[in-house]
Amino acid sequence: DTKHNALASEEGESLTSKIPRREGWWRPLFLFQGSWITPQVLNSAMLVQAQFKPRADDIILATYPKSGTTWLKALTFVLANRSRHPVTGNEHPVLTQHPQDLVPFLELPDRALHPVEELEALPSPRLLCTHLPHAFLPSGTSSLGCRIVYLCREPKDVMVSLWHYVNKMRPDFFIQFDRAFELFVQGISFYGPIWDHYLGYWKPSVTEPDRVLFLKYHEMMADPTKHVKMLAEFLGVPFTREEESANVPEEVVKLCSFDHLKGLQVNSVGRSDRIGGLPMDNSSYFRSAKVGDWRNHLTEEMANKLDCVIQEKLKGSGLIF
Ligand code: A3P
């Protein structure tokens, strides 16, 4: 632990110099147990590992950043709480709270400000969210059987979305698109390589499908109602026949649709500091939400290059895009 803290404080020069480190994104990334993460996230992951008390009925929403986390948070919150908050109600929390604030993250660079104990106060069953690679999840979560919903997205679209997002994070930071692409293709990006993040959750979803639900953004976009029903089942709150005939699944889709959420005042105006020392526009989680937006940014050569790497890395796993 002392070792890790030395790394995390960025002061352990001799230690950090031995650990692969790459610059380029807005914070240097360190290769820790096969994943590129910031010292702040590492610190937070270790705090969570030490202090978080998993409950068997916890549900963990896991994503690689920019894969649709905001959408998944909104959908699962609405589904899990619909007995308390009717989907078509005028006072639904989704109308007044940013989806990012409806489901808390396990790891947070500013866990000093928001202690892990805060998660204890949440009533069961808890909805929690994480970008951590599967291997970094608190050990008790799998032994207790905590369910996981993993949402992934076509890697080229993730890359494009990530580039837009990181360039909004700080006014004094800018990364050229080509540079971001090269790092991403080498697997060097937050919580990357992306293929290992995907495989880390894909494997348990194959062996334990009742515990790990693996979703793809483009499939959800193509048939959101089907996926909302699937999610409701997985969360243990399937739609009743009455709800189905009252079109509640369709209403959930509408409430959480990109156009609806993006247009709400809470998601389009103002700034919030969610990760500590980094206020972001509330609107920065809603850009274009287009499947295949990579076509507007990547040359054919770049697209082929990333496709080849992804195919090679996922080969034999059964996971395809
Ligand atoms: P784009 O940058 O391609 O538009 P995350 O929530 O993981 O940060 O991912 C953000 C991406 O999800 C952004 O993609 C954003 O526009 C898109 N998104 C946000 N809300 C959405 C929704 N309700 N439905 C579909 N996509 C959404």
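Position 1 is the first residue of the sequence, and the numbers go up from there. Note that ligands are numbered from 1 as they come in the structure, with each ligand's atoms numbered from 1 the same way.
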Seminar exercise, completed: Contacts for ligand 1, heavy atom under 4.0 Å, by chain and number, are Lys66, Ser67, Gly68, Thr69, Thr70, Trp71, Arg153, Ser161, Tyr217, Met221, Cys256, Ser257, Phe258, Leu261, Tyr285, Phe286, Arg287, Ser288, Ala289

For this session: May I ask you to check whether Tyr285 and Phe258 place their ring centers less than 6.0 Å from one another?
Result: no

Problem set entry | Ring centroid separation Phe136 to His131 under 6.0 Å | no

For this session: State the CG-CZ distance between Leu61 and Arg147, to the nearest 0.5 angstrom.
Result: 11.0 Å

Exercise. Taking only residues two or more places apart in sequence, or in another chain, which ones meet Glu117 in a salt bridge (Lys or Arg N to Asp or Glu O under 4.0 Å)?
Worked result: none

Exercise. Which atoms form the tightest heavy-atom contact between Arg211 and Cys146, and what is the distance?
Worked result: NH1-O, 2.8 Å

For this session: Begin from the C-alpha positions of His197 and Tyr150 and carry the test ring-ring contact (aromatic ring centres under 6.0 Å, His included) through to its verdict.
Result: CA-CA 10 Å; His197 203 281; Tyr150 189 75; 5.7 Å; yes

